[in-house]
Structures are given as C-alpha cells and as structure tokens.
Amino acid sequence: MSIIQTATEKMRSLPPEKQQEVLNFIELLQSQLAQKNTNIEQIEPISFLEASQKFAGCVDGGPGDLATNKQYLEGLGTQ
C-alpha cells in the first residue's frame, strides 16, 4: 500500500474536524514548500569577488592588501 493510500485510510477513520486539521497541515506544508522555492529563485548569482568583498582585510594584524610587499612578489618569478 502506498503512503497516499495509507494516509487516506487513516484519515477516513478520523472525525470531520480532525480531517480538516490534516487538510490544513497539508496546505501549510505546501505553502512552506512554495515559499522556499520562491526564495531560491529570487537569489541572483554573484561572483566570488562580490560575495567575499566584505571579508577583505578583516584579519587583525595582517596587511589589508597582500600585494604590499612588492620585493617579495618580484622574487616569486625567479625561483
């Protein structure tokens, strides 16, 4: 027996007011799912640069820009 068939059989044994509660719960689940799908569709893709920009230079004690030691960077190409 499928889940729907089992749920239908069990629902039939409930009084009408409890059947209405079951229906209300199903509708609540459907609306939550629809809301979740809507939220996912509204998110516009952004680049990694845009997503991480607020974290740039947030480490205490380090340089805000890793390109501050120009001599070190120049030495990387000669190794």
Original post:
Should Met11 and Ile26 be counted in the same cluster of Ile, Leu, Val, Met, Phe, Trp and Tyr side chains packed under 4.5 Å apart?
Top reply: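 They do share one cluster, since a chain of ILVMFWY contacts under 4.5 Å joins Met11 to Ile26.
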Subject >> Separation of Gln53 CD from Leu49 CG (nearest 0.5 Å) >> reply: 5.0 Å
Original post:
Which residues pass the side chain to side chain donor-acceptor pair (under 3.5 Å) test with Gln19, sequence neighbours left out?
Top reply: none
Original post:
For Glu9, which residues count as a side chain to side chain donor-acceptor pair (under 3.5 Å) partner, sequence neighbours excluded?
Top reply: Arg12
Subject >> pair Ile4-Thr8: side-chain heavy atoms closer than 4.5 Å >> reply: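 Side-chain contact under 4.5 Å: yes.
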Original post:
Would you say the side-chain atoms of Gln5 pair up with the backbone N or O of Ser2, donor to acceptor, closer than 3.5 Å?
Top reply: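 Checked: pair present.
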Original post:
Is it true that atom CD1 of Ile3 has more than 12 heavy atoms of other residues, nucleotides or ligands lying nearer than 6.0 Å?
Top reply: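 No, CD1 of Ile3 has 12 or fewer neighbouring heavy atoms, counting only those of other groups under 6.0 Å.
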Subject >> Pro15: partners by side-chain contact (heavy atoms from CB on, under 4.5 Å), with sequence neighbours left out >> reply: Glu17, Lys18
